[in-house]
2 protein chains.
Amino acid sequence: MPKETFYNLSEEKRNRFVQIALEEFAYRDFQAASITQIVKKLGIAKGSVYQYFDDKLDLWLYLKKYSEEIKISYITSLKREDYPNFWEYYRAMYLHGINFDLEHPLCSLLLYRIGFKESSEQVKPYLHTWKEEAKIFFRQWIEAEKKLGTFEEGIATDIIVHFLLTMSLSITELLQDRYHIDFEKNISEGKPLFGKNKEELIKAVNDLIFLMERALKIN
Amino acid sequence: MPKETFYNLSEEKRNRFVQIALEEFAYRDFQAASITQIVKKLGIAKGSVYQYFDDKLDLWLYLKKYSEEIKISYITSLKREDYPNFWEYYRAMYLHGINFDLEHPLCSLLLYRIGFKESSEQVKPYLHTWKEEAKIFFRQWIEAEKKLGTFEEGIATDIIVHFLLTMSLSITELLQDRYHIDFEKNISEGKPLFGKNKEELIKAVNDLIFLMERALKIN
DNA sequence: TAAAAAAATGACTACATAGTCATTTTTAAC
DNA sequence: GTTAAAAATGACTATGTAGTCATTTTTTTA
């Protein structure tokens, strides 16, 4: 938990601090990310960081929570009852969720790293939490949908969860392959993530969901 | 490239060296992996490593190539014409490929890390090579299969490639979820990767391929 | 056995890191 | 304007790292 000193900072200062810290932790391993580099970029003394946070882990945990809270606010805003069927809802959620990535690319990168790439010993205990939570959420959801006859009978819930999550999370790779978009580069250069139009993105989402639907729906 | 001194080593010494080095690089980032720890485990002097290799990167590149060559030897041993259709062949290749993971778990982990988790600046130029090669290989293969009517028309080749690769590589996660297998732990403790039977594994593969087939095949 | 070549050694350099803390500067209170 | 609390500072410690190289040990050659 950050110390009071951190919360006493002006919003401007605090945001700047978070932004630069996110940059460092989004692009590097916990181990490789450097407090020294952060203070250099910020032009502040190293001691300041330790006026704000207990240690490196404390800062990392703050950034993780910060990003998660923003992400959750994006996900929970759509309601199932506003959509005629599961796949319409899923498509809408998917596209809506991508707004998080577009509007908070550093948070998105950090969570991606935490979910998939991180392997530093110091943060191991904190790695799988959000993925586990996502799985629990998906599991409940899919069990409810099963009663509505959304999915082919006989396909186990765990494999539906696995399948949907895996496919959903693979979209960035598909976009990189298809349109040669280098997200990390675009973000670090301050460029928009999608050049002129979001249509490429929408097409990729539709192509993926088309396959998911074929794989899972009742014939 | 390793120096001549390395190849002059007795097979026993060389294998031991490779084994311990693989362990270090399989479990840690390039940056985090430590030559100092390797020589401690081996009980040799640090200077020896630099009699064998130019530097840390040289050692890493050797281990990468070493693992890739073993993996390739597993993949290229099955022939398409021995199978009645694409999905039978794919299933066989898949199960056969898993033998690589079972018999060379450290190599498998290293390649997994290189393909998905690595982000150290020093090795960036060498990261995407094998995945790109896999994609080229898949692309050719799928284009040939398309002529045989294996896939639903209208599904673009690039999304089939993406879909098959993504699903195939997700199997370890499914197994971890389903049977709570901790591969890294089992490997580091020298335990077999699958307790008593490989049937769990085969079931998981079949479940995944079932979905892939539903998604892609002609109705 | 003696000389020459090859291999192993480990103290050492140069550098980077997280975290500390006595001191100074800034801000707030009166 | 004076005092007290809060915040910022940066030199410093302790620790880890990759890589070097003169020296010693082992192996090979003659």
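Only heavy atoms go into these numbers, but all of them, side chains included; no hydrogens, no water, no symmetry mates. Here is the naming used below: chain letters follow the sequence lines, and residue numbers restart at 1 for every chain. In this text the structure is predicted, and so the values were computed from the model without any measurement.
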Please determine, by modelled atom types, if E69(A) and S67(A) share a side-chain donor-acceptor pair under 3.5 angstrom.
no

Sugar-phosphate, base or nothing in reach of F6(B), heavy atoms under 4.0 Å:
nothing

Check the distance between dT23(C)'s C1' and Q51(A)'s CD and give it to me in whole angstrom.
12 Å

I'd like to know if D177(A) pairs up with R139(B) as an ion pair, taking the criterion as any Lys NZ or Arg NE/NH1/NH2 lying under 4.0 Å from an Asp or Glu carboxylate oxygen.
no

Between dA18(D) and S34(B), is there an OP1 or OP2 to side-chain N/O distance shorter than 4.0 Å?
yes

How long is the line joining NZ of K56(A) and C1' of dT15(D), in whole Å?
14 Å

Considering only side-chain heavy atoms of A45(A), which listed nucleotide, dA7(D), dA18(D), dT9(D), is closest?
dT9(D)

Given dA18(D), dA8(D), dA8(C), the nucleotide with the shortest approach to the side chain of T5(B)
dA8(C)

Should Y50(A) be listed as having a side-chain N or O under 4.0 Å from OP1 or OP2 of dT9(D)?
no

Can you tell me the distance, in whole Å, between the NZ atom of K40(A) and the P atom of dT9(D)?
16 Å

Rounded to the nearest angstrom, tell me the gap between atom CG in L9(A) and atom P in dT27(C).
12 Å

Distance check: side-chain N/O of Q37(B) vs OP1/OP2 of dT17(D), anything under 4.0 Å?
yes

Can a side chain N or O of T36(A) be found less than 4.0 Å away from OP1 or OP2 on dA18(C)?
yes

Name the residue closer to the 5' end of DNA chain C, choosing between N8(B) and L57(A) according to the nucleotide with the nearest heavy atom.
N8(B)

Can you check the K3(A) NZ to dA5(D) C1' distance for me, whole Å?
17 Å

When the distance from CD1 of I44(B) to C1' of dT26(D) is rounded to whole Å, what number comes out?
16 Å

Quick one: do E68(A) and K64(A) make a salt bridge, cutoff under 4.0 Å?
yes

Describe the nucleic acid contact of A32(A) in one word from base, sugar-phosphate, nothing, applying a heavy-atom distance below 4.0 Å.
nothing

For a quick check of understanding: with a heavy-atom distance under 4.0 Å over all strands, which category does F53(B) fall into, base, sugar-phosphate or nothing?
nothing

Distance (rounded to the nearest 0.5 Å) between F17(B) CZ and S48(B) OG:
8.5 Å

Does a side-chain N or O from K13(B) land closer than 4.0 Å to OP1 or OP2 of dA8(C), or not?
yes

Nearest 0.5 Å please: distance from the CG atom of L9(A) over to the OH atom of Y7(A).
11.5 Å

Here the distance between atom C1' of dA7(C) and atom CD of E4(B), to the nearest Å, is 13 Å

Can you tell me if K46(A) touches the phosphate of dG10(D), counting only side-chain N or O atoms and a distance under 4.0 Å to OP1 or OP2?
no

From CG of L42(A) over to P of dA8(D), roughly how many Å is that when rounded to an integer?
12 Å

